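Take a look at the structure set out below.
Side chains included, hydrogens not; waters and symmetry mates left out as well; all remaining heavy atoms used. Given the structure is predicted, the values throughout are model-derived calculations rather than measurements.
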Amino acid sequence: MDLEKQSDGTFRLRMSKTEADKVSDALLKKAGDFNRSTLDFAYLSAEAVLSMDNEFRQPKSFYQGESHAG
C-alpha cells in the first residue's frame, strides 16, 4: 500500500488487489462502527477487487453499430 501526495495537493492511494480485498473485508465486517465516508471507501475497494476479476469486454462491433440480427 502506498499513499503519495500529488503536486496539486490531492493524495493517491495505491493498493494491490490482495490489500484492497483485505481492507474492504475488514471494514465491512465492522460496518456498524463506521461513518458513511468509511463505508463508501470500503464499498469502492470491494468493487475495484470485483472489477479486476471481470475479464468480459464488449465486442467492438457493438459500439460500431453493426447488427448481428439474422
Exercise: do S37 and D40 side chains pair donor with acceptor under 3.5 Å: no
Residues that D2 engages under side-chain hydrogen bond (donor to acceptor under 3.5 Å, both in side chains), provided they are two or more places apart: none
Cluster overlap V23 with L3, hydrophobic side-chain contacts below 4.5 Å: yes
Pairs satisfying salt bridge (charged side-chain N to carboxylate O under 4.0 Å, His left out), at least one member in residues 3-14, at least two apart: E4-R14
Residue pairs involving residues 15-35 (criterion salt bridge (charged side-chain N to carboxylate O under 4.0 Å, His left out); sequence neighbours excluded): K17-D53
Connected hydrophobic set around V49, excluding itself, where side chains approach under 4.5 Å: none
Heavy-atom closest contact ([X] atom, [Y] atom, distance):
X   : Y   : result
S45 : M15 : OG-CE, 4.3 Å
S51 : A48 : OG-O, 2.9 Å
S24 : A42 : CB-O, 3.4 Å

All side chain to side chain contact (heavy atoms under 4.5 Å, CB included) counterparts of L39, not counting sequence neighbours: A31, F34, Y43
CG on L13 to CZ on F41, rounded to 0.5 Å: 5.0 Å
